[in-house]
Amino acid sequence: MTRLNDDSLSKIPGRVAIPEYDRSAISSGIVHVGVGNFHRSHEAYYTDQLLRKGEKDWGIIGICLLDRDLKMYKTLANQDGLYTLVVKEAEGSQAVSVIGSIVDCLYAPADPGAVISVMADPGVKIISLTITEGAYNFDAATGEFQYSDPGIQWDLHHPDRPRTIFGYLAAAFRLRKNQGSPGLTVLSCDNIQHNGAVCKKMVMAYIREGDPDLAVWIENHVTFPNCMVDRITPVTSERDKKDLKDNYGIVDGWPVICEPFIQWVIEDDFIQGRPDWETAGVQFVPKVDPYEKMKIRLLNAGHSLVGFTGTLCGHLTIDEAVKNPLIAGFLRKFMDKEVSPVLEKLEGIDLETYKNNLVQRFANPYMGDRLSRICSESSSKIPKFLLPTIRDQLDREGPLHCSAFIIASWCHYLEQAGTAEHDWEILDEMKEVLIRGAKASNDEDPLAFLKIKPVFGILVQSKRFVETYLPLIDNLRKNGIEETIRNFIIIH
Ligand code: CS2
């Protein structure tokens, strides 16, 4: 049995691709905040590909920012930053490799000062982020930065001991400015359309509040390229760890499982340079908008659709749910009738093929991608994944039945949770508000759910949306999910 770390790499079986480069000779041009499974299957994987080709300047220092990231920090620290990536093909084969690009790791709550100095180190040229959609801290209704957030208030009053990404970036920029060090690139890798622009807007809003001069420095020294990221990466299960141990003799506290598909499309706006990621297959384009829009509105919103309806039908994983012909039919209708018409044409991409591939990716039986992962934090996903499509369809007076149905199934999923037959747990920062709204919409005020402003903004003011939504939620309550979808598919 081999506990994964630098010393044991040579004992790993030959069919596992290990990093053969000298990890101690790699300097860290990248600081990455949010070292979860997705970062490890995506940016860290791409970067590892470059290091295998002889690149030496672009190692990654991983930052575990939040208290809840302690377990990840300890695991990576114990393993010298190494971890196993298991890529599972839909027909059953798998490719296993050990990734070496995370050359150091810090746990921010234990020593915020150390994180600030690493971020301010002139050798660091990129700070990349996977901090989740909710962490950008903007109001769904207005798109404006929310100063009232307790974490933000803490950071504004304790600039040397921050807790949120905004406080950390501000402190690091301030130090760079005072030292006369160069600026850098902040690369948001979260699923938000215009992620770079949104990130910049929020960072600037935070910094203008406490330090207007620093805001001017940022305008001249920091860039925030937009990018589209994609690779389905489930939560790691105990079974995954056991399989790795039994089949490869590797003891890894937190391996990563993912699909073979991978995509990263980035705007080439890196003020201090960047790795040659294109040699590992990354696409650099002048404008990433249409790619982001296509991916978030089809894949991510499609996932949410399958998540809510699949859970209501009693399924546990995405592949199981998407094999249910009712759910597959509904997903196809949503993509074809409501999303495709609002997407721009993209050179080199055939939309029909893209959608067919998505369904095939969802159907990969070896992913074990649980619906609970997809449904988690929907209060910050739905405003980014689905509401923009609804707004577009309202503007162009186009169809929105499927979108309204997704919202209705979310509401029904929330109001059913915790009942005797439906024991799913709601994992969401806004859990209480959501459940209260969903339940109240069943007995006090039919619009109570849609009135949750931080999620839906002013959607409830749209007569057309409300008139589409209300009969759907009524049907779900009266007839249940399967009959409602069956009738829905026939009518629409
Ligand atoms: C998922 C995404 O969290 C979700 O709801 O839709 O994590 C999705 O798997 C990735 O964006 C795929 O690139």
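Just so we're clear, the structure is a prediction, and the values are computed from it rather than from any experiment. Atoms within a ligand are numbered from 1 in the order they appear, just like the ligands themselves.
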Report yes if Arg361 has an N/O atom closer than 3.5 Å to an N/O atom of ligand 1; otherwise report no. no

Atom 1 (C) of ligand 1 has as its nearest protein heavy atom His303 ND1, 3.3 Å

Lys293/Glu344 ion pair, N-O < 4.0 Å: yes

Can you tell me if His42 contacts ligand 1 (heavy atom of the residue under 4.0 Å from the ligand)? no

Does Arg274 make a cation-pi contact with Phe284, if we ask for NZ or CZ under 6.0 Å from the ring centre and within 45° of the axis? yes

Which heavy-atom pair separates Phe385 from Ile296 by the least distance, and what is that distance? CD2-CG2, 3.5 Å

Between Gln263 and Gln283, is any side-chain donor less than 3.5 angstrom from a side-chain acceptor? yes

Taking a cutoff of less than 4.0 Å between a non-hydrogen atom of the residue and any ligand atom, is Arg373 in contact with ligand 1? yes

Atoms of ligand 1 close to Asn300 [distance to a heavy atom under 4.0 angstrom, numbered from 1]: 1 (C), 2 (C), 6 (O), 8 (C), 10 (C), 11 (O)

Can you find an N/O atom of Asn191 closer than 3.5 Å to an N/O atom of ligand 1? yes

Do Gln79 side-chain atoms and Gly253 backbone N/O form a donor-acceptor pair below 3.5 Å? yes

At less than 4.0 angstrom from any non-hydrogen atom of Arg231, what atoms of ligand 1 do you find? 12 (C), 13 (O)

Taking the side chain from Gln393 and the backbone from Glu338, do they hold a donor-acceptor pair closer than 3.5 Å? yes

Asn475 side-chain N/O to Thr484 backbone N/O, donor-acceptor pair under 3.5 Å: no

Would you check the N or O atoms of Lys381, main chain and side chain alike, for any that come under 3.5 Å of an N or O of ligand 1? yes

Nearest-contact summary for atom 13 (O) of ligand 1 - protein heavy atom, Å: Asp230 OD1, 2.6 Å

Which ligand 1 atoms does Lys295 reach within 4.0 Å, using its non-hydrogen atoms? 10 (C), 11 (O), 12 (C), 13 (O)

